[in-house]
Amino acid sequence: MREKLQRFMTGRYGVDELAKFLNAFVLICLVISIFGGWLPVLSVFYWLGIGLMIYNCFRMFSRNVSKRYEENQKFLSMRYRFAVKRERMKKRFAQRRTYRFYKCPDCRQMVRVPKGRGKICITCPKCRKEFIRRS
Ligand SMILES: [Zn+2]
């Protein structure tokens, strides 16, 4: 049986990080649809979960390994960017009492200035543009 499965899976893509993520998402969708089954709107989650499950199976058994690999890389880089953003937000939140954050109107660079200094002229460290804000 095990050997049969192994033979079946050779040349096929298998499980990756994206598959694990989708699996967890499918589980959440199905749990929502089970416990919220009395609300017709929530049946959307049932179909979403089923659809994603089918898609996940398709990916696992796919023979187009390079395409699936590419999808996984895209997912990983998205997850990484999300984590970086979350870290940045956390940091900003921790400093909210002592600093203010402004975006440079020219290059969108985030600039941190100390709070409570009244109106100040801020020079962007990236493009040297000056702008006035209340700190
Ligand atoms: Zn700038």
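If you read the sequence from its start, that first residue is 1, and numbering goes on from there. All values below were derived from every heavy atom in this structure, side-chain atoms included, with hydrogens, water molecules and symmetry-related copies excluded. In listed order, ligands and their atoms are each counted from 1.
Here the CZ atom belonging to R81 is positioned 11.5 Å from the CG atom belonging to L76, to the nearest 0.5 angstrom.
Heavy-atom contacts from other residues, nucleotides or ligands closer than 6.0 Å to OH of Y13 number more than 12. For R108, the CZ atom counts as loosely surrounded, since its 6.0 Å shell holds 12 or fewer non-hydrogen atoms of other residues, nucleotides or ligands.
The six-membered or imidazole ring of F8 lies near that of F61, with a centre-to-centre distance under 6.0 Å. Annotation: F75 is in aromatic contact with F21 [ring centroid separation under 6.0 Å].
For the pairing with S62, the side-chain hydrogen bond (donor to acceptor under 3.5 Å, both in side chains) check across E71, R68, R12, K67 returns one residue only, R68.
Protein N, O or S atom count below 2.8 Å of the Zn ion (ligand 1): the structure gives 4.
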